[in-house]
Amino acid sequence: MRIVIGQGSCGIAAGAEKVKKALENENISAEISITGCIGMCYLEPIVDIYSDSGELTRLVQVAESDAANIADFINSGDKEAVKKLIVTDEDNEFLEKQTRIALRNCGIINPEEIDAYLAADGYTALKKVVTSMSQDDVIEIIKTSGLAGRGGAGFPTWFKWNAAKQSEGDEKYLICNADEGDPGAFMDRAVIESDPHNLIEGMLIGAYAIGAKRAVVYVRAEYPLAIKRLNRAIEQATEKGIIGNNIFGTDFSCDFTIKAGAGAFVCGEETALIESLEGHRGMPRLKPPFPAQSGFWRKPSNINNVETFANVSWIINNGGEAFAAMGTEGSKGTKVFAVTGKVKRSGLVEIPMGKTLRDVIFDIGGGMKTDKPFKAVQMGGPSGGCIPADLIDTVIDYKALGATGAIMGSGGMVVMDESTCMVGMAKFFLDFTAKESCGKCIHCRIGTKRMLEMLERITKGEGKEGDIELLEELCYSIKDGALCGLGQTAPNPVLTTIKYFRNEYEAHIKKQKCPAGECVELIQYTIFADKCKGCTLCARNCPVDAISGEVKKPHSIDYDKCIKCGKCYSSCKFGAVVKA
């Protein structure tokens with residue numbers, strides 16, 4: 001009998017460490033170990049129990065107080081003791097409808113033990129590469145696979161590897177971009193926390209292909225658990241001779257280092273990342289030259305993101321054709337998405353390219369968490385755009401998503417229902433990009449700030465005729481004039497919300513109304529006397545004593561005191577408080 005407790009960041013935040021301690025304090029004749037996030041973040045903490053024959057019993061939303069019942073189940077074999085904790089068939093569909101390659105080991109193996117990775121055929125692809133394949137052989141397999149960069153741009157991986165390989169110079173660098181900065185995105189963090197050796201193996205194969213002897217992982221300092229487990233994985237792989245000199249007895253040698261970034265979104269752009277690695281302020285360089293010719297310390301360098309490298313060892317072991325068989329003509333393989341927002345089943349989803357947004361949001365994600373209709377999905381974070389409900393059957397590939405005005409991005413997918421104000425959503429992302437702009441170019445530094453100011457006015461009911469047209473003009477000027485991808489894509493959330501939800505902008509400007517009822521300055525709460533029972537619940541919940549009235553008699557709101565917090569609206573049980 002074996003007990004495995006999910007301890008990714010999401011599991012730990014939900015109380016998985018406390019659950020583990022509680023189970024260890026019980027008299028249980030079973031091995032207790034940990035794993036990373038299996039992707040079912042909405043069900044954490046998760047406890048998997050494997051019988052001696054390998055049968056899995058998955059328990060979800062486990063609390064410390066459940067430890068005794070779990071012990072009874074393990075000692076007696078009677079599932080009745082944990083019946084309320086067993087995952088439902090409906091929730092099992094969340095994983096059953098996925099195709100997992102980059103995430104294949106996540107939530108299954110122990111990320112802190114190299115032997116667990118070796119038992120899952122870990123490092124067999126690396127051994128095959130360094131002992132029996134040439135650099136060109138490796139690049140050809142990656143070319144056949146059609147693997148494109150999963151960091152957002154979708155650039156062919158083989159082309160970047162080949163460019164770095166062909167660049168002159170004995171000193172080359174392979175760099176992993178783990179600077180995952182999109183709001184709502186956590187794919188890279190989950191991979192590093194749950195399967196760090198898979199990242200290392202993919203990077204070592206890439207280093208061999210381009211002729212690099214140094215590999216660097218640039219990771220956000222806000223990911224302490226990922227950094228901890230990656231450090232441990234590097235130490236273990238070094239002890240076994242998988243990292244270092246003469247790997248697997250060959251002439252190939254490669255060392256690993258980790259750089260913890262300070263959390264600047266612009267450092268997701270590869271040349272800004274290189275500047276930061278060199279100890280400078282993270283600001284993009286002019287291109288050309290490209291990193292493949294002049295990158296880290298002006299040496300030939302290759303940069304890919306975590307998910308890209310996480311596919312490499314599978315491709316080597318299974319063949320480029322197997323990966324290319326999944327997906328569409330222009331977008332091969334699978335893609336990982338972090339599904340968040342107003343969706344029932346939030347977490348990590350990996351599906352073949354070619355599935356639709358409906359497949360992810362409704363079939364895998366279970367649809368809306370609330371009873372309100374689906375309104376839109378934000379794809380690609382601050383660099384992406386909002387796709388409306390009537391485009392829910394859009395195919396997930398680079399070309400189809402690009403045609404909507406959004407982008408694939410690194411894989412953030414924020415689901416919204418009708419309670420979301422689309423002008424407010426655009427303002428949220430502009431606030432982010434304006435603050436994260438490095439300031440090097442005027443279009444991004446000043447343009448995003450001016451756009452944000454306009455959006456702030458509009459959401460306060462201070463918009464003017466012509467603001468929408470001026471916003472569009474600013475958007476196209478910034479896209480054309482900005483130096484790097486941050487500025488060039490910053491207008492996307494504004495352009496797509498204007499394109500698909502122009503009526504909301506017009507309502508804010510012309511009527512000083514927020515159709516979603518989300519913009520605080522445009523909300524007014526009213527108590528209807530004929531529905532008010534005088535229960536005083538609204539008055540007792542009001543933090544500023546803006547509601548008055550006698551018991552069992554209609555109450556009223558003093559609008560001079562009201563701060564529009566919504567406490568009265570949410571606490572009323574009779575529908576007497578109305579938001580308009």
Side-chain angles (χ1 to χ4, degrees), residues 10 13-14 37 39-44 60-61 88 90-91 93-95 97-98 182-187 190 336-351 355-382 384-394 396 401 404-432 459 492-494 496-497 499-501 503-504 507-508 514-520 522-523 565-566 569-570 579:
C10 52
C37 174
M40 307 170 87
C41 305
Y42 68 106
L43 293 177
E44 296 284 4
V60 298
Q61 295 179 332
T88 66
E90 186 180 61
D91 284 320
E93 290 180 355
F94 179 85
L95 291 177
K97 293 181 177 181
Q98 297 184 38
D182 291 10
F186 49 93
M187 300 77 60
V336 180
F337 292 96
V339 183
T340 60
K342 304 292 180 66
V343 66
K344 286 180 182 176
R345 304 174 196 153
S346 58
L348 289 172
V349 173
E350 185 173 2
I351 47 99
K355 293 286 188 179
T356 66
L357 292 173
R358 186 188 299 275
D359 292 331
V360 175
I361 297 169
F362 286 91
D363 198 23
I364 297 175
M368 295 298 96
K369 186 187 299 183
T370 63
D371 295 329
K372 297 176 182 177
F374 168 69
K375 185 174 187 177
V377 59
Q378 171 75 14
M379 295 284 295
C386 292
I387 301 174
D390 58 1
L391 295 180
I392 187 66
D393 291 310
T394 298
I396 296 174
L401 289 176
T404 69
I407 61 172
M408 182 88 69
S410 59
M413 190 180 288
V414 183
V415 180
M416 295 165 273
D417 63 19
E418 284 195 343
S419 66
T420 304
C421 172
M422 303 313 294
V423 185
M425 178 60 68
K427 183 181 74 172
F428 170 81
F429 283 112
L430 251 294
D431 179 67
F432 181 85
T459 54
N492 286 347
V494 178
T496 53
T497 49
K499 179 180 179 180
Y500 298 117
F501 302 96
N503 62 313
E504 291 200 24
H508 282 74
C514 175
E518 196 174 52
C519 295
V520 175
L522 303 183
I523 295 173
C565 66
Y569 178 76
S570 60
K579 179 169 64 172

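A quick note: this is a predicted structure, and the numbers were derived from the prediction, not measured.
In this structure the side chain of Pro183 reaches within 4.5 angstrom of the side chain of Pro382, judged on heavy atoms. Counting only heavy atoms from C-beta outward, the side chains of Val415 and Val339 approach each other to under 4.5 Å. At least one side-chain heavy atom of Met379 sits under 4.5 Å from a side-chain heavy atom of Leu357. A heavy-atom distance below 4.5 Å is found between the side chains of Cys41 and Phe186. In this structure the side chain of Leu401 never reaches within 4.5 angstrom of the side chain of Ile407, judged on heavy atoms.
In terms of the side-chain contact (heavy atoms from CB on, under 4.5 Å) criterion, residue partners of Thr459 (sequence neighbours excluded) are, by chain and number, Val423, Lys427, Cys519. Remark: Lys355 engages no residue in a salt bridge (charged side-chain N to carboxylate O under 4.0 Å, His left out) (not counting sequence neighbours). Partners of Thr497 by side chain to side chain donor-acceptor pair (under 3.5 Å), not counting sequence neighbours, listed by chain and number: Tyr505. Partners of Lys344 under the side chain to side chain donor-acceptor pair (under 3.5 Å) rule, at least two apart in sequence or in another chain, do not exist in this structure. Take Asp359 and apply the salt bridge (charged side-chain N to carboxylate O under 4.0 Å, His left out) test, not counting sequence neighbours, and it matches no residue. By the ring pair (Phe, Tyr, Trp, His ring centres under 6.0 Å) test, Phe374 pairs with Phe362, sequence neighbours left out. The side chain to side chain donor-acceptor pair (under 3.5 Å) search around Tyr42 returns Asp91, not counting sequence neighbours. Qualifying salt bridge (charged side-chain N to carboxylate O under 4.0 Å, His left out) partners for Glu350, counting only residues two or more places apart in sequence or in other chains: none. Residues forming a side-chain contact (heavy atoms from CB on, under 4.5 Å) with Pro515 (at least two apart in sequence, or on another chain): Glu504, Ala507, His508. Residues passing the side-chain contact (heavy atoms from CB on, under 4.5 Å) test with Ala14, sequence neighbours excluded: Glu44, Pro45. In this view, Glu418 satisfies the side chain to side chain donor-acceptor pair (under 3.5 Å) rule with no residue, not counting sequence neighbours.
In terms of heavy-atom proximity, Ala185 sits nearest to Ala338 at CA-CB, 4.1 Å. Shown here for Phe429 and Gly381, the closest heavy-atom pair between the two residues is CE2-C, 3.8 Å. Across all non-hydrogen atoms, the minimal contact from Ile361 to Met413 is CG1-SD, 4.2 Å.
The SG atom of Cys514 sits 8.5 Å away from the NZ atom of Lys579 when rounded to the nearest 0.5 Å. The structure places CE of Met416 at 11.0 Å from SG of Cys421, a figure rounded to the nearest 0.5 Å. Note that OH of Tyr500 and CE of Met422 are 11.5 Å apart. Values are rounded to the nearest 0.5 Å. Here Met187 contributes atom CE and Asp182 contributes atom CG; the two are 7.0 Å apart, rounded to the nearest 0.5 Å. Atom CG of Leu43 sits about 8.5 Å away from atom CZ of Phe94, to the nearest 0.5 Å. Ile387 CD1 to Thr404 OG1: the interatomic distance, rounded to the nearest 0.5 Å, is 3.5 Å.
Side chain of Thr356 to backbone of Asp393: no donor-acceptor contact under 3.5 angstrom is found. In terms of modelled atom types and a separation under 3.5 Å, the side chain of Glu90 and the main chain of Glu93 share no donor-acceptor contact.
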For residues 363-373, run the donor-acceptor check on the side chains, cut-off 3.5 Å, and write out each pair with its distance to 0.1 Å, sequence neighbours left out.
| from | atom 1 | to | atom 2 | distance (Å) |
| --- | --- | --- | --- | --- |
| Asp363 | OD1 | Lys97 | NZ | 2.5 |
| Thr370 | OG1 | Lys372 | N | 3.3 |
| Thr370 | OG1 | Asp417 | OD2 | 2.7 |

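For the residue pair Lys342 / Ser419, a side-chain donor-acceptor distance below 3.5 Å is found, with atom types taken as modelled.
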Next item on the list: Just do the side-chain contact (heavy atoms from CB on, under 4.5 Å) check on Met40 and Val60 with the steps written out, would you?
Entry: CA-CA 9 Å; Met40 307 170 87; Val60 298; 5.5 Å; no

